[in-house]
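A quick write-up on the structure given underneath.
Note that the numbering runs from 1 along the sequence shown for the chain. Whatever order the structure lists them in is the order used to number ligands and atoms, beginning at 1. It should be emphasised that the depicted structure is a prediction, and the values quoted were computed from it without experimental measurement.
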Amino acid sequence: MSVLIYAENADGKFKKSTFEAVSYARAIADQGNTSLTAISIGNVGADELNTLAKYGADKILNVSNAQLKNFVNQAYASVIAEAAKKEGADVVVLSNSFSGRGLAPRIGVKLDAGVIDGAVALPEQNGGKFTVKKTAFSGKAFATVELSSANKVIALTPNSYKIVEVAKAPKIEDFSVDVKESDLKTILKDIVRSTDKVSLPDAEIVVSGGRGLKGPENWAMLEELASLLGAATACSKPVSDAGWRPHSEHVGQTGIAVSPNLYIAVGISGAIQHLAGISSSKVIVAINKDAEAPIFKVADYGIVGDAFEVVPKLITAIKEYKT
Ligand code: FAD
């Protein structure tokens, strides 16, 4: 047995969720007393590649092919599967990110592997059984699933596993691949950024607003709170449906599922469809003027009050704390 981790990057920099996945993969390799290889695809510099060493990779495969500069689902899946075969890896780990969720089943097919997406804990290996705890039903529940296949693909939920530093001195090898025409049916030509703000799926803190905020003009205070906390902004579905906020911020069953350390819900009632997207959050803080709002049933901390009074006070308190 050996383990392969796909080290996802954004603009040549590894994401925090990548370091979590490397730490997680290191722990799986240690469970099996085996080695961990990381594979990076795209234009990642040597210094950045070396950061993977800190989290326990024994070897790093670097793929820098012009055709693979930008993420292409089919082609990346083929390369990762090829690397797994070459390394004799029977466990492939990736982050359960937007691209990871697309890659996992494709790699699974290529390796005839069982696939777990949304893993939230290390596998348990007892009496030949390999089980993994994962989120289920859009985050409304957890399931422990047994993988009985020889090969396994596991996509780790961001923010669910702690980054652990382990000193290693890995070899960095170029991994050259012939990209098949059939894998390049979809080509990402350009990325146009709509914002430079913290990316919502990777955010450690999320400040989210609902219909209780009355209108888009009232988002300035949430933006200010988010910027003070280094947080991403999010919203409920009716807010994005009404065009108060972009759809990319819509959280829930039909939007993005987030798993931050802190989720601050302001003027959000806590409908089941919204909760589906936030249930993996470590700490939920709710601000709502209705003490009976369902959000308080899942909140770790609740403030019953008018958002237009509470949020400015919170901003003032954070500013005072910071000075
Ligand atoms: P509301 O339910 O209107 O709640 C507003 C809250 O603000 C209330 O609790 C109120 O007490 C509070 N409030 C009002 N004024 C203030 C104030 N001044 N200060 C503080 N609090 C105040 N919803 C999602 O969010 N995500 C989804 O992915 C999603 N998917 C759906 C899929 C389906 C198939 C369906 C049927 C629905 C879906 N919904 C989704 C909609 C969901 O059912 C709710 O309607 C929605 O989440 C409610 O949004 P809200 O909490 O912003 O608004």
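S236 has its side chain out of reach of V251: every pair of non-hydrogen atoms, C-beta onward, lies at least 4.5 Å apart. By the 4.5 Å heavy-atom criterion applied to side chains, V72 and D183 are not counted as neighbours.
Residue-level contacts of ligand 1 at the 4.0 Å heavy-atom threshold are G210, R211, G212, K214, S236, K237, P238, H250, V251, G252, Q253, T254, G255, G267, I268, S269, A271, Q273, H274, N288, K289, D290, G305, D306, A307, F308.
Taking CG of D117 as the reference point, atom OG1 of T157 lies at 8.0 Å (rounded to 0.5 Å).
In this structure, K54 is not positioned above the aromatic face of F19 in the sense of NZ or CZ being under 6.0 Å from the six-membered ring centre and within 45° of the axis.
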Please evaluate residues R245 and E223 with respect to the criterion salt bridge (Lys or Arg N to Asp or Glu O under 4.0 Å), reporting the C-alpha separation (whole Å), side-chain torsions for both, the decisive distance (0.1 Å), and the verdict. CA-CA 12 Å; R245 299 297 291 178; E223 295 271 8; 2.9 Å; yes
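With hydrogens and angles left out, the side-chain atoms of Y263 and S208 include a donor and acceptor closer than 3.5 Å.
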